[in-house]
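Worksheet: the structure to be examined is printed underneath.
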There are 2 protein chains.
Amino acid sequence: MIALTTRIPKPTLERLPLYHRAVESYLAKDQEAISSQELGREIGVDDYQVRKDLSWLGAGGRPGYGYEARHLLERFEEVLGLKRDHTAVVIGAGHLGTALSHYSGFRRYGLRILALFDRDPNKVGKQLGDIPILDIGELGSIIKEQHVPLAIITVPAPEAQRVVNLAVEAGIKAIWNFAPASIQVPPEIIVRNEDLAVGLATLSHYIVYGRPSD
Amino acid sequence: MIALTTRIPKPTLERLPLYHRAVESYLAKDQEAISSQELGREIGVDDYQVRKDLSWLGAGGRPGYGYEARHLLERFEEVLGLKRDHTAVVIGAGHLGTALSHYSGFRRYGLRILALFDRDPNKVGKQLGDIPILDIGELGSIIKEQHVPLAIITVPAPEAQRVVNLAVEAGIKAIWNFAPASIQVPPEIIVRNEDLAVGLATLSHYIVYGRPSD
DNA sequence: TAGATTGTTAATCGATTAACAATC
DNA sequence: TAGATTGTTAATCGATTAACAATC
């Protein structure tokens with residue numbers, strides 16, 4: 001395992017999953033080499049951007065040849081932590097929570113949803129495929145006992161802070177927040193907000209006023 | 001209606017919905033003024049960042065007083081295009097598509113989902129609340145006749161480009177893509193990718209390697 | 001008036017873009 | 001060798017951070 005020498009810039013980090021996917025589809029077509037230009041075309045960035053991004057990983061391209069696809073894939077999976085399996089809990093068994101629990105893409109990225117949590121007695125006790133719906137009261141003990149690093153928040157906005165607090169107290173490492181609410185956590189906790197209002201509002205702005213380049 | 005004199009930077013634009021929500025909750029508490037410091041604390045940015053962001057809107061704060069919450073709200077809604085109603089179609093009536101169609105937040109932001117589209121005959125013809133599920137074959141004519149500006153894509157990745165092409169041909173203006181796939185569109189079309197793989201992969205990286213600041 | 005807080009200018013930081021020598 | 005393409009350095013761009021004079 002090659003160590004990461006330097007911190008990878010956030011914009012680069014967020015492009016890595018896109019490169020990853022592009023390389024996967026290249027491999028599926030039995031192509032073993034890929035150039036920065038080809039890779040860039042796939043995800044809509046320029047070739048020098050690709051080379052700069054890949055340079056953070058020590059990707060090991062060969063001048064005149066390109067990057068070896070299989071090696072590149074290895075490197076992405078290592079850097080993105082996809083080689084290890086992670087577990088997660090989903091808090092909130094509403095439409096979004098159940099939709100995410102069904103999402104097959106997670107398995108593919110090594111994420112296993114252990115359980116859904118809700119406080120509605122009509123939902124608690126049921127199963128969603130092989131994922132049980134448990135009472136929110138059991139959240140803390142499950143997180144602690146199974147050392148679950150990630151909580152996915154899909155409760156209504158007014159509940160969000162409360163359930164986040166429960167997860168944090170139980171020792172969660174990261175929060176993936178789908179509730180339209182700003183949540184406060186201690187600095188060591190990693191938070192990613194997936195706020196639909198942000199997407200909708202910016203799209204709405206562009207629809208009304210046009211895009212920057214117009 | 002006050003015109004936008006300058007292009008708003010993208011990072012600023014994406015913070016506006018968060019400010020908007022914070023101001024709403026301030027108003028709900030009957031507070032009429034809010035300072036850059038208070039607003040910043042709500043969403044986790046510094047006061048000078050808030051002032052810089054608001055300066056793009058000509059927000060009209062008063063030194064020694066702060067910003068008038070009601071006026072600020074007006075301004076946000078104008079800039080984010082929330083004062084006008086938009087229509088949208090959802091393409092893909094799977095778990096995610098139905099979850100999004102149920103999402104009440106959209107109504108609140110003036111977005112009305114006209115219809116869900118799918119190619120599965122078992123789904124077509126049904127209703128989701130008051131939203132009909134229509135055959136994908138009708139997509140083009142609905143977009144054209146109703147001048148629908150926004151298509152929300154929730155089909156499986158391999159289908160994404162195909163349905164996006166249909167929407168583009170019918171004259172769609174913007175695409176909100178939830179499929180884990182890079183899609184190609186003409187330059188005048190606005191695209192926002194809401195790629196769960198990006199979120200998951202970056203979280204996974206931080207869980208394994210720690211955050212930048214550690 | 002005194003205190004609080006804005007709006008804006010300047011300094012810093014970090015990412016993107018460009019260019020090219022190195023090299024497979 | 002000649003051609004293609006990398007890795008890296010330098011230049012540019014844009015956003016964040018800081019500071020402070022203006023002003024309610």
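Because the structure is a prediction, the values reported are computed rather than measured. Below, read A as the first sequence line, B as the second, and so on, with proteins coming before strands; counting in each chain starts at 1.
Rounded to a whole Å, the CD atom of E14(A) is 11 Å from the P atom of dT16(C). Between L39(A) atom CG and dT5(D) atom C1' the separation is 14 Å, expressed in whole Å. Rounded to an integer number of Å, the gap from CD1 of I34(A) to C1' of dT6(D) is 14 Å. Between the CD atom of E68(B) and the P atom of dG7(C) there is a distance of 13 Å, rounded to whole Å. As a whole-Å value, the separation of Q37(A) CD from dA18(C) C1' is 15 Å. Atom P of nucleotide dA15(C) and atom OH of Y48(A) are separated by 17 Å, given to the nearest angstrom.
The side chain of P63(B) has dA22(D) as its nearest neighbour among dA19(D), dG7(D), dA22(D). The side chain of P11(B) lies closest to dA15(D), out of dG7(D), dT9(C), dA15(D). When the nucleotides dC24(D), dA22(C), dA10(D) are ranked by their closest atom to the side chain of R62(B), dC24(D) comes out on top. Comparing atom distances between the R15(A) side chain and each of dT16(C), dT9(C), dA15(D) picks out dT16(C) as nearest.
A salt bridge does not link E188(B) to K173(B): none of the charged nitrogens lies less than 4.0 Å from a carboxylate oxygen.
Between Y109(A) and F106(A), the ring centre distance reaches or exceeds 6.0 Å.
For the OP1/OP2 pair of dC24(D) and a distance below 4.0 Å, the side-chain nitrogens and oxygens of Y65(B) include no atom meeting the criterion. Close to dA4(D), at under 4.0 Å from its OP1 or OP2, lies no side-chain N or O of Y67(A). Taking side-chain N and O atoms only, S55(A) has no distance below 4.0 Å to OP1 or OP2 of dT8(D). OP1 or OP2 of dC20(C) has not a single side-chain nitrogen or oxygen of R51(A) nearer than 4.0 Å.
In summary, of the residues considered (I172(A), L111(A), T87(A), V89(A)), a side chain to side chain contact (heavy atoms under 4.5 Å, CB included) with L150(A) occurs for L111(A) alone.
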